[in-house]
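Here the structure comes first, spelled out in structure tokens, and everything after it is commentary.
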Amino acid sequence: MSFPWTPDKWSVRMAQWRRNLISKFLMRWYAGVMPEMSDTEAEAIEAGTVWWDAQIMSGRPDWAYLRALETGKLTQAEQAFIDGPLQELCALLDDWQIESELHDLPRPVWDMMIREGLLAMIIPTEYGGKGFSALAHSEVVRTIATRSITAAVTVMVPNSLGPGELLMLYGTDEQKAHYLPRLASGEDIPCFALTGIEAGSDAGAMTDVGVVVEREIDGERVLGIEITCDKRYITLAPVATIAGLAFRLRDPEGLLGGEEELGITVALVPTDTPGLDTGRRHIPSGLAFQNGPVRGENVFVPMDHVLGGRDHIGKGWRMLTGALAAGRGISLPSMSCAAAALSALSCGAYARVREQFGLSIGNFEGVREPLARIAASAYLIDAARKLTAAGIDAGEKPAVVSAIMKCHATERLRQAVNDAMDIHGGKLVMEGPRNYLATAYNSLPVAITVEGANILTRSLIIFGQGAIRCHPYLLDEMEAVRNPDREEGLKAFDHAVFAHIWHDIRNFTRSFVHGLTFGRFAHAPEGAGALAPYYRQLTHASVRLAVISEMALGVLGGALKRKEALSGRLGDILSEIYLLSAVLKRFEAEGRQAADKPLLDYCFEDGLYRVQQRLREVIRHFPGLHWRILLSLFLCPLGQHRQPVSDAVMNAAAQCMLEPGGARDRLTRGVYIGEGDDPLAVLERAFAAIIRRDELLKKLKGAKTELDEAVSKGVLSSSELNEIRGTEALIREALLTDDFDAQAVAAASGADRRA
Ligand SMILES: Cc1cc2nc3c(=O)[nH]c(=O)nc-3n(C[C@H](O)[C@H](O)[C@H](O)COP(=O)(O)OP(=O)(O)OC[C@H]3O[C@@H](n4cnc5c(N)ncnc54)[C@H](O)[C@@H]3O)c2cc1C
């Protein structure tokens, strides 16, 4: 005879009670507050993977993982390509000629880009592409963008949405075998057409339709689709030979034997298909890259043109978000890094070369402030670019991280280029071949808008998706609530919700304790040494984010989606922690260079202050006084103590740009500098001359000698004297701007209007 209350039976009984007495009620409450999701949103949530973002949202990031992650490693073939053909291509790029004279890339540039496989970097070698890693792809785009934005955009599109990426992810074997070699060889130039007049950010509003029909072709009945569309803003459309076209598919006659409304579908349509109209051009922010509408009326394509085949009918949106999950972490962030590095390089040199009131303008703190901001932004976004590429190369498709990168890299780009314009004054207001930043400046609205407009990405996507996707238990709970098998659902819910409760108890306690000690005892990885305080501050920020996210989800539930201002601020905290963790990774990976320390410090002081500001704003706008009090108690029981970047750190960061050395070299590596009268080469020569002149003048000062007597007194050699005297001419050349014949200007602007 066995005793009825054995430990096993007891625990089974306890689990039943817990399920029936607690979890059942929690589940009912949960179903009420759970955010409602449209199909489009649900598909976006499911796209891609979660990665380092999930670690950050957990409240206790695994620093050992981050430190062990390999970043910045190129294969020999990739490095050889960057050192060889890429430099040759850059030498061919003349930005002024492209933007203001040809309004297109010159033929030899197109030919070289196609010949060298630049439009097929992501296509595997077995199809004739370059099969580059995400890092190599990113390095190439970054270098080209320092020379020509139009060339960079032209390279970016086929290597992003494509449709090369879509074909590789979802194409049928026949489609891959047919199109990928043609895309790799340049026989086909692709474009991807999603956006229409009604459908911008909201693809669900699309009115372009495809109707399933049968047509008689050469005496045979062929099942296919008649597409009617009016797409706009499509990059490469005017020169494309193949378009990935998204539309709503309908089957009114039931020819496929299913429902009438089949959803968003993508087809591959050769642009010479009768009825399809391409070739007209938009002029995007005055830039020369090819962009235009794609219009079509009853354009017939056989059924096998559906990307991915019949199985993928209606899955167009899911496919697009899946492809974007990685792509948008590379393309625009690489372009942003290029322009930020170019701004840092040119502003550092110009602030030294340009003298006003008898001093280089780099001596004035008013100028040093934006200069430091540019330098720190360039350091930070390049660090994040490399970290993101490493994640993608490790097999991740990090949807939330890609959204963070797209939005925040382009926002920092906007700030950096605007700062650079301020520092240069009239020198960069005047357009012409001598203006090395005009195109980057003109491209700002493009970078902000494409691949997910920034306002939407910040306020809806980053936290909206991050909070659900990166949460260790939330998706399991949501799935359990939706489970039609109620008993199974309850079991799964009970399991997830109690793990969730323990997770919260730990995080709330840690947040409170770290709040009392200002994060001084938060977790730092072994071996962090002098960097331990930086890790601790990020761990503290991460646990605060976990707590405030939990509160936002628990209190607001589905209503959080409509509270975009709150969601945007929470997304900023997540983004800031991601960017700062990338900065730490970079600093460590580059060997903890002492010269870069001011940049690290600037990023941390600025980033942690931003986190604090956003936390403060979230608490202030959180609905309900009692919740606000509770949040303050758990997040900052002794108040918030961070200050904006100190003047000492700001001055030190600016100084990194004002003199040659490791910090400047590392920050501006990969910026293409031409030869001869290339404006950047002219500026760099003047910069080098000024540095040398200042060294020689120090000698003079030390010897208390006048310049005219320096040679006779043996303080300077005659060649050194000539160097000093030659500096003036080099400075003058670097300061020059362009002017044009008045009639030529009138003629050119008339030609622009007719174009
Ligand atoms: C130069 C250029 C190249 C492009 N290339 C391509 C291409 O190759 N293929 C292609 O298919 N498309 C392309 N696009 C289209 C691009 O993807 C869209 O412009 C983008 O999706 C935004 O759509 P929209 O311009 O209609 O803006 P709208 O959707 O009208 O948005 C206007 C503003 O409202 C904001 N907004 C919208 N909804 C919300 C919301 N719920 N919450 C908060 N804010 C919101 C947006 O962030 C934006 O700031 C290109 C666009 C440009 C400018």
Side-chain angles (χ1 to χ4, degrees), residues 35 37-38 40-41 44 99 119 149-150 152-166 189-208 229-240 242-247 264 266-267 269 271 278 281-296 307 316-317 319-321 323-324 327-328 331-332 335 403 406-407 410-411 414 439 442-465 560-569 571:
M37 256 188 248
S38 65
T40 318
E41 282 172 303
E99 299 301 334
L119 306 187
I149 297 288
T150 285
V153 171
T154 306
V155 166
M156 262 157 52
V157 169
N159 287 297
S160 179
L161 261 186
E165 171 92 355
L166 285 169
I189 302 285
C191 69
F192 189 81
L194 171 69
T195 307
I197 294 173
E198 292 81 5
S201 305
D202 177 14
M206 187 181 294
T207 53
D208 307 298
C229 63
D230 190 355
K231 303 287 190 188
R232 61 178 180 175
Y233 308 161
I234 309 305
T235 305
L236 293 190
V239 293
I242 175 90
L245 215 57
F247 50 85
I264 295 177
V266 178
V269 185
T271 52
T278 57
R281 287 181 68 174
H282 296 304
I283 303 176
S285 274
L287 299 181
F289 66 84
Q290 296 284 340
N291 185 289
V294 175
R295 299 187 177 111
L307 205 152
W317 183 239
M319 283 156 46
L320 292 171
T321 46
L324 267 179
R328 73 168 149 199
S331 43
L332 286 156
M335 194 178 108
K406 193 281 139 172
C407 178
T410 55
E411 288 299 339
R414 169 149 66 179
T439 316
N442 293 339
S443 74
L444 295 180
V446 176
I448 298 296
T449 306
V450 299
E451 295 200 353
N454 279 9
I455 297 180
L456 169 102
T457 305
R458 174 180 176 266
S459 34
L460 204 65
I461 310 280
I462 296 177
F463 187 76
Q465 289 194 7
L560 182 59
K561 206 167 74 177
R562 289 182 294 280
K563 295 249 171 217
E564 286 197 354
L566 215 58
S567 174
R569 292 175 185 122

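Start at 1 and go down the list; that is how both ligands and their atoms are numbered.
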For [atom], which protein heavy atom lies nearest, and how many Å away is it?
atom: atom 4 (C) of ligand 1; result: Y233 O, 2.9 Å
atom: atom 49 (O) of ligand 1; result: I455 CD1, 3.7 Å
atom: atom 15 (C) of ligand 1; result: T195 OG1, 3.1 Å
atom: atom 8 (O) of ligand 1; result: T235 N, 3.0 Å
atom: atom 43 (C) of ligand 1; result: E564 OE1, 3.1 Å
atom: atom 46 (C) of ligand 1; result: A453 CB, 3.7 Å

May I ask you to check whether [X] has an N/O atom sitting below 3.5 Å from an N/O atom of ligand 1?
X: L456; value: yes
X: D202; value: no
X: F192; value: yes
X: S459; value: no
X: L194; value: yes

Side chain to side chain, [X] and [Y], heavy atoms closer than 4.5 Å:
X: R295; Y: K231; answer: no
X: R458; Y: R569; answer: yes
X: L332; Y: V450; answer: yes
X: T207; Y: F247; answer: no
X: L245; Y: C229; answer: yes
X: I448; Y: R414; answer: yes
X: S443; Y: L287; answer: yes
X: L236; Y: T154; answer: yes

Answer yes or no for [atom]: protein heavy atom present at a distance under 4.0 Å?
atom: atom 32 (C) of ligand 1; result: no
atom: atom 17 (O) of ligand 1; result: yes
atom: atom 1 (C) of ligand 1; result: yes

field: Distance in Å, I149 CD1 paired with F289 CZ, rounded so as to fall on 0.5 Å steps
entry: 9.5 Å

message: Let me confirm one number: the CZ-CG distance from F192 to L166, rounded to the nearest 0.5 Å.
response: 5.5 Å

Where on [X] is there a heavy atom closer than 4.0 Å to ligand 1, on the side chain, on the backbone, on both, or on neither?
X: H282; result: neither
X: N291; result: side chain
X: L460; result: side chain

Donor on one side chain, acceptor on other, [X] and [Y], under 3.5 Å:
X: T439; Y: E99; value: no
X: N159; Y: S331; value: no
X: S160; Y: E165; value: no
X: S285; Y: N442; value: no

- prompt: Does T449 have a heavy atom less than 4.0 Å from any atom of ligand 1?
  reply: yes

statement: Note: ligand 1 atoms sitting under 4.0 Å from heavy atoms of F289 are 1 (C)

message: Which of the numbered atoms in ligand 1 are under 4.0 angstrom from any heavy atom belonging to I234?
response: 7 (C), 8 (O), 9 (N), 10 (C), 11 (O)

Nearest option to [atom], as decided by whichever heavy atom of [options] sits closest:
atom: atom 24 (P) of ligand 1; options: G200, A205, G196, S567; answer: G200
atom: atom 28 (P) of ligand 1; options: S160, S201, A199; answer: S201
atom: atom 52 (C) of ligand 1; options: L320, V450, V446, I283; answer: V450

